[in-house]
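The block underneath contains the structure these notes are about, expressed in structure tokens.
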Amino acid sequence: MSTTDLGHEHAVPELETHSEVLDAGEEQAARRAPAVRRDRRRNLLIGVTLAFVGYLIVFGPPSGREIVLMWVLAWLFAVVGGSWALFRRVVLRDWMPLIAVLFVYDFLRGQVERMPWSDSLPLLQDNSFTPHLWHAHVLPVLRGDVDVFGQLPTAWLQHHLHPTDAFHWYDYALAVVYMSHFIVPLLVALLLWTRSYHAFHRYVATLTTLSVMGLATYLTFPAAPPWLASVNGWTTPGVQRLMGEALKSAGSTPARSVIERGEAWSNPVAAMPSLHAAMPMMILLFFWGAARWWMRGLLALYTLAMGFALVYGGEHYVIDIVFGWAYAALAWLAVRRVVAWRRRRASARQAVSTVPIAAAPVPG
């Protein structure tokens, strides 16, 4: 993938890497930072990466937002060469707005039960260790899949691909794809911050827009996923939540406790749209104009694999996936249009400021 102006149709001269941004000029706050020693940065990056690999081996993939952000901040600290002054002045200023939005999103997503219209919806009980009651839509999303396919796709897939309690290699592979949702979007932001500073801000704006759109829908239209509908007898009995169960069967005790804790605190009625499906589509659209053909293929494959894992695993209906993809396209297009509009305004102002003022006529 080139470091062209990512997310736009036409290539522009190659953008500076973040290390060059740190050393150059006064145009951006990051450019006011002093140069950092490459050897120290390299050593810190290697150390943080090895520590993260060790964490994955011992605890498994992180499912909590705060854990992922902790690792992202650790990598950013390594990128700036371990300079606390540079970290405070550059990293926190660039990343704190995104971190704040994500934590507000996580907090408000759990407030569905407090909405005044929730009491009129069907009452559902989950099958967690400490059962909780939820109000959510069931039939509108359930009928969306059944009317199109003639039966519930999740039930059909689990009947043919997971007929017994034994897990297969593809269950584990799809579980990894499912869990990558908690890592990949922030990892992409990290890579853009280090390699394409301008694209980083457009990416964060798109990610924030998509999260706000999803949150607004969760609050106004809470919807139950296939596994929760099955537990409460609304659809085919025995639909399982396979992705978490596959990771539990393969992981150590600490890994299982992390996953169980993540499931206990998650919101099971935030199914429409699927942000799990929307994030890969957003990344695909964002990089499509600049990525090479093989990178486009990988991103498209990742998007499809995530959608399949969500439906097969009982986490989402197909209609949730389709709406997630549509939300991603709308967020990407909206930010693209705003960026283009701001550039046109800036160009117009610059053109006006450079027009020579005609000399006033001299009397008599």
Side-chain angles (χ1 to χ4, degrees), residues 1-7 14-25 27-100 102-103 176-177 179-204 207 254-255 258 279-280 283 286-287 290-292 294-295 298-299 302:
M1 185 181 305
S2 62
T3 52
T4 54
D5 195 14
L6 302 175
E14 183 170 322
L15 292 177
E16 60 278 280
T17 64
H18 200 281
S19 58
E20 292 169 340
V21 169
L22 292 176
D23 300 334
E27 181 181 354
Q28 300 163 345
R31 298 188 178 190
R32 294 196 295 268
V36 295
R37 292 190 306 168
R38 292 187 177 181
D39 55 343
R40 185 180 182 187
R41 185 190 319 159
R42 181 183 64 251
N43 293 337
L44 285 172
L45 284 171
I46 293 174
V48 172
T49 302
L50 291 177
F52 182 68
V53 171
Y55 177 91
L56 291 178
I57 294 174
V58 176
F59 298 104
S63 60
R65 184 92 66 184
E66 70 285 355
I67 300 175
V68 177
L69 286 172
M70 177 193 72
W71 284 108
V72 169
L73 292 175
W75 267 306
L76 290 169
F77 181 71
V79 168
V80 297
S83 170
W84 282 107
L86 189 56
F87 184 83
R88 291 193 303 269
R89 186 167 68 250
V90 178
V91 174
L92 293 184
R93 201 199 72 160
D94 286 344
W95 285 82
M96 284 308 296
L98 174 61
I99 293 173
L102 293 178
F103 272 101
V176 172
V177 172
M179 293 300 296
S180 69
H181 164 79
F182 301 101
I183 301 176
V184 169
L186 288 175
L187 179 61
V188 172
L190 173 63
L191 293 176
L192 288 176
W193 190 83
T194 59
R195 302 297 302 173
S196 185
Y197 193 62
H198 298 287
F200 165 78
H201 288 290
R202 290 195 303 276
Y203 177 83
V204 168
L207 178 61
V258 170
M279 294 293 183
I283 296 172
F286 189 87
F287 288 105
R292 298 179 180 178
W294 58 268
M295 181 60 71
L298 288 177
L299 291 175
Y302 175 57

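By convention here, the first residue in the shown sequence is residue 1.
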Once you round to the nearest 0.5 Å, how far does [atom1] of [X] lie from [atom2] of [Y]?
{"X": "Trp193", "Y": "Leu98", "atom1": "CH2", "atom2": "CG", "answer": "13.0 Å"}
{"X": "Leu190", "Y": "Trp95", "atom1": "CG", "atom2": "CH2", "answer": "5.5 Å"}
{"X": "Asn43", "Y": "Arg41", "atom1": "CG", "atom2": "CZ", "answer": "11.5 Å"}
{"X": "Leu299", "Y": "Trp294", "atom1": "CG", "atom2": "CH2", "answer": "9.0 Å"}
{"X": "Leu76", "Y": "Asp94", "atom1": "CG", "atom2": "CG", "answer": "9.0 Å"}

| message | Applying the side-chain contact (heavy atoms from CB on, under 4.5 Å) criterion to Met279, which one of Val184, Val188, Leu207 satisfies it? | response |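 Filter result, single survivor: Leu207.
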| Can you name the closest pair of heavy atoms from Val48 and Ala78 and give their distance? |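 Minimum heavy-atom separation between Val48 and Ala78: CG2-CB, 4.2 Å.
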| request: For Tyr302 and Ser180, work out which heavy atoms get closest and say how close. | output: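 Between these two residues, the closest heavy atoms are OH-OG, 2.7 Å.
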| field | Check: Ile283 main-chain N/O paired with Tyr203 side-chain donor or acceptor under 3.5 Å | value |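 It does not hold such a pair.
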| request: Check for a donor-acceptor pair, side chain of Thr49 on one end and backbone N or O of Leu45 on the other, with a separation under 3.5 Å. | output: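 Judged by distance alone, yes, a pair lies under 3.5 Å.
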| said: Quick check: do Leu73 and Ile99 have side-chain heavy atoms less than 4.5 Å from each other? | reply: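 A side-chain contact exists here, since the closest heavy-atom pair is under 4.5 Å.
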| task | Give the C-alpha distance, both sets of side-chain angles, the deciding distance and a yes or no for side chain to side chain contact (heavy atoms under 4.5 Å, CB included) between Thr194 and Phe200. | result | CA-CA 9 Å; Thr194 59; Phe200 165 78; over 6 Å; no
| query | Relative to each other, are the rings of Phe77 and Phe87 parallel, tilted or perpendicular (30° and 60° limits)? | reply |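 Perpendicular.
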| query | Going through the distances and angles, do Ile183 and Phe52 end up as a side chain to side chain contact (heavy atoms under 4.5 Å, CB included)? | reply | CA-CA 12 Å; Ile183 301 176; Phe52 182 68; 4.3 Å; yes
